[in-house]
Amino acid sequence: MNYQLINLKVFGDTRGSLISIEGRNNIPFDIKRVYYIYDTTPGIARGKHAHTDLEQIIVCVNGSCKFLLDDGIRKEIVELSRPDLGLYIGKNMWREMFDFSHGCVLMVLANKHYDENEYIRDYDKFLKEIIT
Ligand code: T46
């Protein structure tokens, strides 16, 4: 499975907590894009696609949600509920996000600019592409 959970170092003191993410330091790529997902609609899943050419780190900075990760052979579910845990997802992994808690905020760091052409949004096409 082309995913990995990364523990992020927390700098904490009496004032609170701080986490720093640096490209090619505590994550494996240079960051070209940041986006965040919030105000999610209760009961509605997102994602349902794979990327042919994208690596991302996802951090749930508030609340919680679940990721279904699927490499075409195996499916695993990962829950993100801590701001000090990064979920790395590499190429050719189908993902679905669901069970968003109220107030969930997902921050996503990506190694490429947005390119709709490298999305696979059809599951049958995904299965065909990973076989070839
Ligand atoms: C992913 C999961 C975790 C842009 O214009 N620029 C961007 O950088 C992104 C990410 C999206 N968009 C547009 C494309 C769609 O019209 O925003 C709209 C919503 O995107 P999408 O339906 O792909 O969002 P999710 O939540 O299903 O998936 C997103 C990322 O697209 C995807 O790469 O891995 O979050």
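Order of appearance sets the numbers: ligands from 1, and atoms from 1 within every ligand. In what follows, residues are counted from 1 in the order of the sequence shown.
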- prompt: Is the distance between the ring centroids of Tyr114 and Tyr119 under 6.0 Å?
  reply: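 Distance test on ring centres: under 6.0 Å, yes.
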SB check Arg95 Asp70 (cutoff 4.0 Å): no
message: Can you list everything that forms a salt bridge (Lys or Arg N to Asp or Glu O under 4.0 Å) with Arg33? Sequence neighbours excluded, please.
response: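 Once residues adjacent in sequence are excluded, Arg33 has no partner under the salt bridge (Lys or Arg N to Asp or Glu O under 4.0 Å) criterion.
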- prompt: What residues form a side chain to side chain contact (heavy atoms under 4.5 Å, CB included) with Arg74, not counting sequence neighbours?
  reply: Met1, Asp71, Glu76
- request: Using side chain to side chain contact (heavy atoms under 4.5 Å, CB included) as the criterion, list what pairs up with Ser101, not counting sequence neighbours.
  value: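 Result, side chain to side chain contact (heavy atoms under 4.5 Å, CB included) vs Ser101: Ser64, Cys104.
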task: Could you check Glu55 against Tyr88 for side-chain hydrogen bond (donor to acceptor under 3.5 Å, both in side chains), going step by step and ending with a plain yes or no?
output: CA-CA 7 Å; Glu55 296 174 273; Tyr88 167 87; 2.4 Å; yes
Neighbour list for ligand 1 [protein residues, heavy atom under 4.0 Å]: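 Correct list: Arg33, Tyr35, Ile37, Arg46, Gly47, His49, His51, Gln56, Arg95, Met97, Tyr114, Tyr119, Arg121.
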